[in-house]
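Working notes for the structure below.
The basis for the numbers below is simple: all heavy atoms, side chains too, and nothing from hydrogens, waters or symmetry mates. Proteins get letters first, then strands, A, B, ... in listed order; numbering begins at 1 in each. Model, not experiment: these values are computed from the prediction.
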There are 2 protein chains.
Amino acid sequence: MDRVALERVAEVFRAFSEPTRLAILQELKEGPRNVNTLVTALGTTQANISKQLRVLYDAGILNREKSGNQVFYSIDDDIVFPLCELVCNKLNREQTLGSRYDFSI
Amino acid sequence: MDRVALERVAEVFRAFSEPTRLAILQELKEGPRNVNTLVTALGTTQANISKQLRVLYDAGILNREKSGNQVFYSIDDDIVFPLCELVCNKLNREQTLGSRYDFSI
DNA sequence: CAGTCGTATAACTATGTAGTTATATGCCAG
DNA sequence: CTGGCATATAACTACATAGTTATACGACTG
């Protein structure tokens, strides 16, 4: 892979590399959510949620759907759960305490 | 998952989120390599390679083995290839051109 | 149209980090 | 011990970005 391809792969991983974005994905695994629902669920500002949603959307991970004056986001790629589960399994293997890392439904 | 667990998951993804580190992983998939070999293969400074190796090592992805005055690094976690292949498959699905994203052996 | 709600964006601050240069540390040869 | 080689680290610059506040934009209500 050349540098451009590696940069594109890195961009996808970067989308998963912040706890706030992972928390958004955890909420969205329950189903589509509009922005305000995510704001109240995650307890940060609406501007920040919108910004992080854009990062995930640009990475090709989320779907957008407007409904009236609201916007619903949902997970658009089936790699999300396998990816997160691989990492969670790895982390669970590294510790003796029970399975504290869990991204499954 | 609480914030601490999410942060730990994010840290693993962050290790994969830079092209230089992905290039190191691509070299290491051929087998163990010492630092200088990676430096000449990747064409950056020795200090930078050492720094990125440390990030990968701290994330639990690489193995270190000293041999004389050299240090050999190798891939220490079996999640590396499944993770990268998931992302590569996703990217290949998104374009019509042939499989340009490939992390397999 | 005016007001309100939901979302996106601009501007900013603070922090993290990739990459560099220079230096330190450790190992081996002679 | 002395010199040279391999690696790690410190100090620094440049840049990216998470999060905030304020504001703009668009859609619905009355």
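At least one side-chain heavy atom of S50(A) sits under 4.5 Å from a side-chain heavy atom of Q46(A). Using a 4.5 Å cut-off on side-chain heavy atoms (C-beta onward), M1(B) and C88(A) make contact.
A heavy atom closer than 4.0 Å to some atom of DNA chain D occurs in no member of residues 32-40 of chain A. Contacts between residues 9-22 of chain B and DNA chain D, counted as heavy-atom distances below 4.0 Å, involve no residue at all. Proximity of residues 49-67 of chain B to DNA chain D (heavy atom under 4.0 angstrom from any strand atom) is restricted to S50(B), R54(B), R64(B).
Applying the side-chain contact (heavy atoms from CB on, under 4.5 Å) criterion to V55(A), with sequence neighbours excluded, gives R21(A), Q52(A).
Along DNA chain D, read 5' to 3', the first and last nucleotides having any atom under 4.0 Å from a heavy atom of chain B are dC5(D) to dG19(D).
Annotation: the span from T20(B) atom OG1 to L53(B) atom CG amounts to 11.0 Å, rounded to 0.5 Å.
Under the 3.5 Å distance criterion, with hydrogens and angles disregarded, no donor-acceptor pair is assigned to the side chains of N48(B) and T45(B).
The pair R14(A)-E11(A) does not meet the salt-bridge criterion, since no charged nitrogen lies less than 4.0 angstrom from a carboxylate oxygen.
Cluster membership for L25(A) and L42(A), using ILVMFWY side-chain heavy atoms within less than 4.5 angstrom, is shared. Cluster membership check: V35(B) shares its hydrophobic cluster with L56(B), using side-chain heavy-atom separations under 4.5 Å among Ile, Leu, Val, Met, Phe, Trp and Tyr. Under the 4.5 Å side-chain heavy-atom criterion for grouping Ile, Leu, Val, Met, Phe, Trp and Tyr, L38(A) is connected to V71(A) within one hydrophobic cluster.
Atom CD of E65(A) is surrounded by 12 or fewer heavy atoms from other residues, nucleotides or ligands within 6.0 Å. Counting heavy atoms of neighbouring residues, nucleotides and ligands inside a 6.0 Å radius, atom OH of Y57(A) does not exceed 12 of them.
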Residue pair V12(A), R8(A): steps toward the side chain to side chain contact (heavy atoms under 4.5 Å, CB included) verdict: CA-CA 7 Å; V12(A) 176; R8(A) 183 74 185 88; 3.6 Å; yes

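Separating the CD atom of Q46(B) from the P atom of dA22(C) is a distance of 14 Å, rounded to the nearest angstrom. In this structure, N69(A) atom CG and dC5(C) atom C1' are separated by 6 Å, rounded to whole Å.
Using a 4.0 Å heavy-atom criterion, one finds that F72(A) contacts no nucleic acid atom at all.
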Using atom types as modelled, flag every donor-acceptor pair under 3.5 Å from a side chain in residues 74-82 of chain B to any protein atom, sequence neighbours excluded.
{"residue": "D77(B)", "atom": "OD1", "partner": "I79(B)", "partner atom": "N", "Å": "2.9"}
{"residue": "D77(B)", "atom": "OD2", "partner": "K90(A)", "partner atom": "NZ", "Å": "2.7"}

